[in-house]
Amino acid sequence: MSKVLQEESHTQGILHMNLDNDRSRKRNWGLLVTGIVGGTLVVLYAVATPFITPALRKICLPFVPATSTQIENVLKMLQYRSGSLVDIGSGDGRIVIAAAKEGFKAVGYELNPWLVWYSRYRAWREGMHHNAKFYISDLWKVSFSQYTNVVVFGVPQMMPQLEKKLEEELDHNARVVACRFPFPHWMPDHTTGEGIDLVWAYDSKAFKGSEKTCSETLQKMHPL
């Protein structure tokens, strides 16, 4: 009788141990799954935020990759020119890298850090990292006075403000190339392409001269 009780007690102890092990195993799996889900959400948030944030800004400049035809048209508008070049909102860097291949000292400013890091990788992979540089920066906090060639893939909401900024900062020998949307007040010196691939080129000596002429005309019409 005593031996039977001991065996039953031993069996119950084993059962309790198995149950405890099952509970512990389930708890560990639960913690692991929770950790994986939580880590995945953190990674997704970190990756998605730089792409979503621009849509929440007052002036949204979304990332839309340039087409091969747009790149060809931009380079056509830069023929026979040299010196420094800046791409405002450089995205994945394809314009900057293409310009670097044509001999420009090219720089891209982009607010999305993931796109900047990817652009730097592309420039390195294509052997253009010495002539193609990328920086994480807000375009409104950068001075473009040092550049003689400017490329911008803008949106209508930003063009008037950017137009004024470039008028104030650029030298008289600069050229501005606009893609997708033209500047509202400048008259283009050259255009090429059609549809979404249409590109406008503006020489600063023209829009700075027109600004001066307009100012002088107003002064003559309304002398102090």
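The first residue in the sequence is number 1, and the count goes up from there.
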- request: Return each pair, listed once, that meets side-chain hydrogen bond (donor to acceptor under 3.5 Å, both in side chains) where at least one residue sits in residues 124-137; pairs must be two or more places apart or across chains.
  value: K101-E126, K105-N131

message: Using side-chain heavy atoms (C-beta onward) and a distance below 4.5 Å, is L85 in contact with L78?
response: yes

- request: Among residues two or more places apart or on two chains, list those pairs meeting side-chain hydrogen bond (donor to acceptor under 3.5 Å, both in side chains) that have a residue in residues 191-203.
  value: T67-D197, R175-D203

message: For a side chain to side chain contact (heavy atoms under 4.5 Å, CB included) check, start with the C-alpha distance between S204 and N173, then their side-chain angles and the critical distance, and finish with the verdict.
response: CA-CA 6 Å; S204 61; N173 65 341; 5.6 Å; no

message: Quick check: closest heavy atoms across A206 and D189, and the distance to 0.1 Å?
response: CB-OD1, 3.8 Å

message: Within this structure, what is the NZ-NE2 distance for the pair K208 and H172, rounded to the nearest 0.5 Å?
response: 5.5 Å

message: Please evaluate residues F134 and E110 with respect to the criterion side chain to side chain contact (heavy atoms under 4.5 Å, CB included), reporting the C-alpha separation (whole Å), side-chain torsions for both, the decisive distance (0.1 Å), and the verdict.
response: CA-CA 7 Å; F134 299 93; E110 170 62 49; over 6 Å; no

Y118-I97 co-clustered via ILVMFWY side chain contacts under 4.5 Å: no

- prompt: Do F207 and H185 have side chains that get closer than 4.5 Å, going by heavy atoms?
  reply: no

task: Report yes if the side chains of V107 and V96 come closer than 4.5 Å at any heavy-atom pair, otherwise no.
output: no

query: Members other than I196 in its cluster, when Ile, Leu, Val, Met, Phe, Trp, Tyr link by side-chain heavy atoms under 4.5 Å?
result: none

message: Run the side-chain contact (heavy atoms from CB on, under 4.5 Å) test against P65 and tell me which residues pass, sequence neighbours left out.
response: F63, D92, R94

- prompt: Given K165, which of E168, E167, E169 fulfils the salt bridge (charged side-chain N to carboxylate O under 4.0 Å, His left out) condition?
  reply: E169

- prompt: Side chains of R180 and V64: closer than 4.5 Å at any heavy-atom pair?
  reply: yes

Counterpart residues, side-chain hydrogen bond (donor to acceptor under 3.5 Å, both in side chains), relative to E102 (two or more places apart): none

message: According to a hydrophobic-cluster definition based on side-chain heavy atoms being under 4.5 Å apart (Ile, Leu, Val, Met, Phe, Trp, Tyr only), do V116 and W114 belong together?
response: yes

- request: Indicate, with yes or no, if F181 and L198 share a hydrophobic cluster defined by side-chain heavy-atom contacts under 4.5 Å among Ile, Leu, Val, Met, Phe, Trp and Tyr.
  value: no

statement: Closest non-hydrogen contact found for G91 with S119 is O-OG, 3.2 Å

field: From NZ (K164) to CG (L162), nearest 0.5 Å
entry: 12.5 Å

task: Ignoring hydrogens and angles, state whether a donor on the side chain of W140 or Q161 is under 3.5 Å from an acceptor on the partner side chain.
output: no

query: Atom CG of L115 and atom CZ of R122: how far apart are they, to the nearest 0.5 Å?
result: 11.0 Å

Pair up each side-chain donor or acceptor in residues 143-150 with any protein partner under 3.5 Å, not counting sequence neighbours, and list the distances.
unit_1: S143; atom_1: OG; unit_2: S145; atom_2: N; d: 3.4
unit_1: S143; atom_1: OG; unit_2: S145; atom_2: OG; d: 3.1
unit_1: Y147; atom_1: OH; unit_2: Y109; atom_2: OH; d: 3.1
unit_1: T148; atom_1: OG1; unit_2: S84; atom_2: N; d: 3.4
unit_1: T148; atom_1: OG1; unit_2: S84; atom_2: O; d: 3.2
unit_1: N149; atom_1: OD1; unit_2: R81; atom_2: NE; d: 2.5
unit_1: N149; atom_1: OD1; unit_2: R81; atom_2: NH2; d: 3.3
unit_1: N149; atom_1: ND2; unit_2: S82; atom_2: O; d: 3.0
unit_1: N149; atom_1: ND2; unit_2: S84; atom_2: O; d: 3.1

- prompt: Under the side chain to side chain contact (heavy atoms under 4.5 Å, CB included) criterion, do W117 and I136 qualify, and how do the steps go?
  reply: CA-CA 9 Å; W117 296 329; I136 304 171; 4.1 Å; yes

task: With I88 as reference, evaluate I95, V152, V142 under the side chain to side chain contact (heavy atoms under 4.5 Å, CB included) test and give the passing residue.
output: V152

